[in-house]
Amino acid sequence: MTEENDKPGLTEEELNARHAEKMRKKKAARDKIMATKTIEKGLLIVHTGKGKGKSTAGFGMVFRSLGHGHKVGVVQFVKGRIETGERAALERFSDLVTIKRMGEGFTWETQDRQRDIDAAQQAWDAAKEMITSSDFRLILCDELNIVLRYDYLDIAEVVDFLKNQKPADVHVVITGRNAKDELIEIADLVTEMTQIKHPFRSGVKPQEGIEF
């Protein structure tokens, strides 16, 4: 029930007029706020948290950029050999997207710490090359937070690079739970996904089109 309908005795015409006036004032206030937002810059964006949707949000930004004709780079740090729906879809935009699937799976799958460290470093080197190449408007570092969590990369080096070497007009999106405080500190936009319910806890396995 709308607030207007809580006003007894008003006709539909009066309710509509009241609503239109309220929205006019709201738009004027919004326009005034938007007029003060004049900065355009490449953003450092972090999607983290225990809830599902971090990579999904990142790939949503990838597809949004593609809709504007921007060139996009994707580095997948731990997806390994999993064939994902997003990868299959993006291969249809080969003229605009470069995808590097660098990881070899989650660390409990490889069970080889040094191998994981080497794979993480190779992926980070690929990401840095993309970020500084001037070829891409947006770069998605999918699950970078995972390898940072396990200290497979030096967080100080990652932060220093993103602060001092990322071009001013390039967007970088980083996904994965347990984002480091140092990364959150320098980010322009941080979203934490909160898990309320998940079918996995009810015995439902990861399914095509939902998890991958």
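Predicted model, so just to flag it, every value in this text is computed and none were measured.
For the side-chain contact (heavy atoms from CB on, under 4.5 Å) test, residues two or more places apart in sequence or in another chain that qualify with Phe200 are His198, Pro206. By the side-chain hydrogen bond (donor to acceptor under 3.5 Å, both in side chains) test, Lys27 pairs with Asp31, sequence neighbours left out. Arg92 pairs by the side-chain hydrogen bond (donor to acceptor under 3.5 Å, both in side chains) definition with nothing, not counting sequence neighbours. Qualifying side-chain hydrogen bond (donor to acceptor under 3.5 Å, both in side chains) partners for Gln121, counting only residues two or more places apart in sequence or in other chains: Asp125. Partners of Asn164 by side-chain hydrogen bond (donor to acceptor under 3.5 Å, both in side chains), not counting sequence neighbours, listed by chain and number: Asp160. For the ring-ring contact (aromatic ring centres under 6.0 Å, His included) test, residues two or more places apart in sequence or in another chain that qualify with Phe161 are Trp124.
More than 12 heavy atoms of other shown residues, nucleotides or ligands fall within 6.0 angstrom of atom CD in Gln114. More than 12 heavy atoms of other residues, nucleotides or ligands shown are found within 6.0 angstrom of CD on Glu91. Other residues, nucleotides and ligands place no more than 12 heavy atoms under 6.0 Å from the CD atom of Glu208. Around atom CD of Glu129, no more than 12 heavy atoms belonging to other residues, nucleotides or ligands sit under 6.0 Å away.
Atom CD1 in Ile174 sits 5.0 Å away from atom CG in Leu44 (nearest 0.5 Å). Note that CD of Glu192 is 9.0 Å distant from NZ of Lys50, once rounded to the nearest 0.5 Å. Atom CG of Leu90 and atom CZ of Phe59 lie 6.0 Å apart (nearest 0.5 Å). In this structure, the separation between CE on Met61 and NE2 on His171 is 9.0 Å, given to the nearest 0.5 Å. Separation of atoms OG1 (Thr84) and CZ (Phe212) is listed at 9.5 Å; rounding is to 0.5 Å. In this structure, CG on Asn145 lies 10.5 Å from NE2 on His47, to the nearest 0.5 angstrom.
Between Asp188 and Gly42, the shortest heavy-atom contact is OD2-O, 4.1 Å. Between Lys166 and Leu43 the shortest heavy-atom distance is NZ-N, 4.3 Å. Across all non-hydrogen atoms, the minimal contact from Ile210 to Lys52 is O-NZ, 2.7 Å. Considering every non-hydrogen atom in both Arg87 and Gln76, the closest pair reads NH1-OE1, 4.1 Å. The two residues Gly176 and Glu143 make their nearest non-hydrogen contact at CA-OE1, 3.5 Å. Minimum interatomic distance between Val46 and Ala187 (heavy atoms only, all atoms of both residues): CG2-CB, 3.8 Å.
Side-chain contact check for His68 versus Arg137: every heavy-atom pair is 4.5 Å or farther apart. Residues Asp116 and Val78 fail the side-chain proximity criterion, which asks for heavy atoms closer than 4.5 Å. Side chains of Lys128 and Glu157 form a contact here, defined as non-hydrogen atoms less than 4.5 Å apart. A 4.5 Å side-chain heavy-atom check between Arg177 and Ile146 finds at least one atom pair inside the cut-off. Residues Val62 and Val173 fail the side-chain proximity criterion, which asks for heavy atoms closer than 4.5 Å.
Met193 and Phe77 sit in two unconnected hydrophobic clusters of ILVMFWY residues. Membership requires side-chain heavy atoms under 4.5 Å apart, directly or through other members.
At a threshold of 4.0 Å, the pair Asp151-Lys180 counts as salt-bridged, since one of the basic side-chain nitrogens sits closer than that to a carboxylate oxygen. Between Arg18 and Glu21, none of the side-chain N atoms (NZ, or NE/NH1/NH2) sits under 4.0 Å from a carboxylate O, so this pair counts as no salt bridge.
Judged by distance alone, with hydrogens and angles left aside, the side-chain atoms of Thr48 form a donor-acceptor pair with the main-chain N or O of Asn178 at under 3.5 Å. A distance-only check finds no donor-acceptor pair linking the side chain of Glu185 to the backbone of Asp181 [under 3.5 Å].
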Evaluation steps, side chain to side chain contact (heavy atoms under 4.5 Å, CB included), between Val75 and Leu144: CA-CA 9 Å; Val75 178; Leu144 172 56; over 6 Å; no

Should His70 and Phe136 be marked as a side chain to side chain contact (heavy atoms under 4.5 Å, CB included) after you check the CA-CA gap, both sets of side-chain angles, and the distance that decides it? CA-CA 7 Å; His70 298 161; Phe136 304 98; over 6 Å; no

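Of the N and O atoms on the side chains of Gln122 and Asp118, not one donor lies less than 3.5 Å from an acceptor on the other residue.
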